[in-house]
Amino acid sequence: MPLPATTYRTVEGAYLDLIRLACGDPEYHIDARGNEAREVIGVTFRLTDPRQRLPYIAARKANPVFQFAEALWYLAGRRDLKMMEHYASSMRASSPDGVNLGGSAYGHTLFARGVYGEPSPFERVMHLLRTEPDSKRGYLPVFSADEHAIAVNPDMACLAGLHLLVRDGALHMVCHMRANDLDCGFLSDVFSFTMIQEFIAVQLGLELGHYTHTIGSAHVNERNVARVKRVLEEAALRPSSLAFPFPAMPSDTTPGTIRQVLEHEERLRTNTDKYTAADIAHLDLAPYWQQALLLFELYRQLQYDDIEWVSQDVIDALHPGLRWLVGHKWDGAVAEGSR
Ligand code: 5HM
């Protein structure tokens with residue numbers, strides 16, 4: 001009996017197959033809201049190890065600073081533009097009021113409590129899964145029909161919803177996206193959504209299960225086709241993908257941990273503080289979350305300090321996979337021997 005979806009161990013394999021398909025054998029050429037794109041309709045794949053959520057392809061120049069920032073922003077239930085535009089200034093264009101993000105503030109939809117302190121959708125689903133583990137009702141809708149009522153909506157949620165299923169002691173997740181830009185949005189979406197899955201698994205005391213991703217409109221914008229081709233050329237020349245196993249989220253991670261990481265993040269984002277690797281190592285935070293702060297300190301140096309190289313202690317303290325990624329993203333600011 002065939003598996004329900006094409007299965008990959010890491011996000012990189014899925015990313016490469018999807019861009020190859022949409023670029024090389026598109027079903028349609030579309031032009032929605034001025035974005036010409038090559039499109040395939042209705043794709044699904046499964047990641048057996050959702051922790052392997054980073055691609056190691058030099059030509060892609062993936063940005064782990066943005067990916068951690070976005071995942072933490074979601075987990076904290078935030079929607080403010082000021083945090084996210086620091087890491088990606090392009091996000092301002094999606095904000096309807098210059099203060100908050102709209103439909104794409106998925107974490108606000110999922111994790112924020114109601115105005116009168118009512119439980120968040122996440123808290124309600126946690127209660128359901130604790131009381132009826134075999135439930136099929138653990139669905140967290142994100143896209144709202146009301147979004148169609150907003151005239152000239154600059155930010156309509158691309159994530160339709162996340163479905164949580166507890167089976168055999170593991171938390172599986174199925175993600176439904178109405179649309180996914182395979183070159184730009186896809187990698188940070190899978191990174192963040194699998195972080196959300198792992199965070200929820202930790203809250204429930206469960207193993208991390210598999211992650212299934214389904215897309216209505218899977219597309220590559222014409223303006224990104226040249227980069228996509230470079231990515232595919234690099235992948236074709238490599239014997240096999242680089243392996244930097246991504247560690248497990250600590251089992252004592254709570255919403256309070258996320259708040260604590262983001263308090264430090266804010267100090268670095270606003271350049272109120274600067275940290276050495278030793279400062280970060282002495283914080284009351286698990287090494288896993290210290291990695292996020294090392295990335296934010298690295299980004300602080302790039303944004304605010306008049307430096308030739310990012311300080312070597314920060315580079316040396318990074319997980320080898322993150323060091324590889326920042327070395328290729330900011331190759332002019334990370335000493336060559338460290339890449
Ligand atoms: O016209 P439309 O609202 O579909 O344009 C949004 C574009 O951003 C699409 O290309 C969509 O696939 C991409 N996108 C994404 O891939 C947007 C968001 C933010 O909601 C996202 N992933 N998370």
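Sequential numbering from 1 along the given sequence is applied to the chain's residues. One-based numbering, in listed order, for ligands and for the atoms of each. All heavy atoms count here, side chains included; hydrogens, waters and symmetry mates do not.
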Problem - All salt bridge (Lys or Arg N to Asp or Glu O under 4.0 Å) counterparts of Arg227, not counting sequence neighbours - result: Asp183
Problem - Basic-acidic side-chain contact under 4.0 Å: Arg238, Glu12 - result: yes
Practice task
Can you label the angle between the Phe193 ring and the His213 ring as parallel, tilted or perpendicular, going by 30° and 60°?
Solution key: parallel
Fill in the blank from the handout: Sorted by chain and residue number, the side-chain hydrogen bond (donor to acceptor under 3.5 Å, both in side chains) partners of Glu123 (sequence neighbours excluded) come out as Arg113, Ser120
Problem - Residues Gln312 and Asp316: side-chain donor-acceptor under 3.5 angstrom - result: yes
Problem - ring pair (Phe, Tyr, Trp, His ring centres under 6.0 Å) partners for Phe66, two or more places apart - result: none
When you pair each N or O of ligand 1 with protein N or O atoms, which pairs come out under 3.5 Å?
unit_1, atom_1, unit_2, atom_2, d
ligand 1, 1 (O), Arg33, NE, 2.8
ligand 1, 1 (O), Arg33, NH2, 3.3
ligand 1, 3 (O), Arg178, NH2, 2.8
ligand 1, 4 (O), Arg178, NH1, 2.9
ligand 1, 4 (O), Arg178, NH2, 3.4
ligand 1, 5 (O), Arg33, NH2, 3.3
ligand 1, 10 (O), His219, NE2, 2.6
ligand 1, 12 (O), Asn180, N, 3.2
ligand 1, 12 (O), Asp181, N, 2.9
ligand 1, 12 (O), His219, NE2, 3.2
ligand 1, 16 (O), Asn180, ND2, 2.9
ligand 1, 16 (O), Asp181, N, 2.8
ligand 1, 20 (O), Tyr106, OH, 2.5
ligand 1, 20 (O), Cys158, N, 3.4
ligand 1, 22 (N), Asp189, OD2, 2.7
ligand 1, 23 (N), Tyr106, OH, 3.0
ligand 1, 23 (N), Asp189, OD1, 2.8
ligand 1, 23 (N), Asp189, OD2, 3.3

